[in-house]
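See below for the structure under consideration.
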Protein chains: 2
Amino acid sequence: MKLFWRQGFEATSTEDLVEGLGITRGSLYKAFGSKEQLYAMALRRYCQHHAAALIEMLDRAEQVRPAIRAALLELVETDLADPVPGCLLVNAATERSAHPDTVQQVSRTMGQIESALAGALERARVRGDIAADKEPRELAQFLTTFLQGLRVMGKARADRAFLENSVEVALGALD
Amino acid sequence: MKLFWRQGFEATSTEDLVEGLGITRGSLYKAFGSKEQLYAMALRRYCQHHAAALIEMLDRAEQVRPAIRAALLELVETDLADPVPGCLLVNAATERSAHPDTVQQVSRTMGQIESALAGALERARVRGDIAADKEPRELAQFLTTFLQGLRVMGKARADRAFLENSVEVALGALD
DNA sequence: CCAGTTATTGACTGATCGGTTCCAAATTCG
DNA sequence: CGAATTTGGAACCGATCAGTCAATAACTGG
């Protein structure tokens, strides 16, 4: 998974995968069928680990706004520590936009993130932590979009002040 | 340029380029040196045409907020009409984050967009069209980040309601 | 019209691509 | 213990990769 994450689908050869997984060529094709299928599995694993962790954090959060801020700033730190890999979902969406299976998987996960955000924001609204006149679903869609931009800028311009400021302005949209 | 734009660097073969440009293999290498150099030139051309057009639009705009809204909604329309190509800057940033030359070119262009936004927002603030207590530079960095997210979602989830709503919420952050 | 220069060509190269095959070693089961 | 089956692996496949080059074509000034 980490190879596809860091290098993308096309730039990762089967030789890289054989070396990285510590198995031989034949076993790889026995186990996964093809490079495409292995990529699909890696993407699914990424969604189950990383996206699911974000969603669970949002579901559990008592104070929603600090939780969202913490989640976004943690991603900023990740990109600052190593800007190359970025987010596999973003990489998949951009590199493989012509492959419907990949796009659908990415879209589904984005939808789950949006729903988790919408749920958390609804709870926050009930508690009076965010503006009462904003639709949680609309705010959630905005934040989902902003999140992807943050990951792109984390690769293109890994600058702490820039990224952290963007997060603060985005959170300001919740008022 | 359109081939790299639509397919990315790795997925575009020199054969594709030969066919697309209508020249032969030898001429391509005589004229551009290598696939890498041709990609760099295509990226530069993209910046000069597309990013420069956005920047000029912002520089000329009388009413800044409607101009930004129009620019963002036009990009939404572009992605809805054909979600595959997306934005070459975003594609380059994600696919080629390990190639410093590409990252630097993308970063420079993002900086120009940020500056154009900051200039326009400063004019808007003087005119009282946006909140007086917000720093134009900070808003510009936020909008630059949001813009990249919009292009990613345009590929991953080409849904008009989702994208247009995201734009409206983002513009709300200017108040 | 021609000698000299530049541009263009497409066949060719070694390397590497994703994927297969077949054999040997290990494991299972009667 | 031994026949049958599964597992693991290196050699190999045609195709395609990015890049080169000697030969030819086109153009130049004289």
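A, B, ... follow the sequence lines: proteins, then strands. Residue 1 opens every chain. Remember, predicted model here, so these are calculated numbers, not experimental data. Basis for what follows: all heavy atoms, side chains included, without hydrogens, waters or symmetry-related copies.
- For Glu36(B) and dC17(D), the CD to C1' distance is 14 Å, given to the nearest whole Å.
- In this structure, OG on Ser166(A) lies 8.0 Å from CD on Glu114(B), to the nearest 0.5 angstrom.
- The CG-P distance, from Leu21(B) to dA18(D), rounds to 13 Å in whole Å.
- Distances shorter than 4.0 Å separate none of the side-chain N or O atoms of Tyr29(B) from OP1 or OP2 on dT20(D).
- Checked against a 6.0 Å centroid threshold, the rings of Phe146(A) and Phe146(B) do not count as neighbours.
- Atom-to-atom, CZ of Phe32(B) to P of dA18(D) comes out at 15 Å; the value is rounded to the nearest Å.
- If you take NZ of Lys30(A) and P of dC22(C), they are 13 Å apart, rounded to a whole angstrom.
- Taken together through direct or relayed side-chain contacts under 4.5 Å among Ile, Leu, Val, Met, Phe, Trp and Tyr, Leu73(A) and Met57(A) form parts of separate hydrophobic clusters.
- Nucleic acid contact class of Ser13(B) (heavy atoms, under 4.0 Å, all strands): sugar-phosphate only.
- At a cut-off of 3.5 angstrom, counting only N and O atoms as typed in the model, there is no donor on one side facing an acceptor on the other between the side-chain of Arg25(B) and the base of dA11(C).
- Residue Lys35(B) has a polar side-chain atom (N or O) positioned under 4.0 Å from OP1 or OP2 of dA18(D).
- When rounded to the nearest whole Å, the span between CD of Gln37(A) and P of dG19(C) equals 9 Å.
- Nearer to the 5' terminus of DNA chain C, by closest-nucleotide assignment, is the contact made by Phe9(A) (compared with the other of Gly26(A) and Phe9(A)).
- For the pair Leu28(A) CG and dC17(C) C1', the interatomic distance rounds to 14 Å; values are reported in whole Å.
- Here the CD1-CZ distance, from Ile23(A) to Phe32(A), works out to 5.5 Å after rounding to the nearest 0.5 Å.
- Distance CG (Leu38(B)) to P (dG19(D)): 10 Å, rounded to an integer number of Å.
- Base contact: Ser27(B) has a heavy atom under 4.0 Å from a base atom.
- The pair Glu56(A)-Arg60(A) meets the salt-bridge criterion, since a charged nitrogen lies less than 4.0 angstrom from a carboxylate oxygen.
- Rounded to an integer number of Å, the gap from CD of Glu15(B) to P of dA18(D) is 9 Å.
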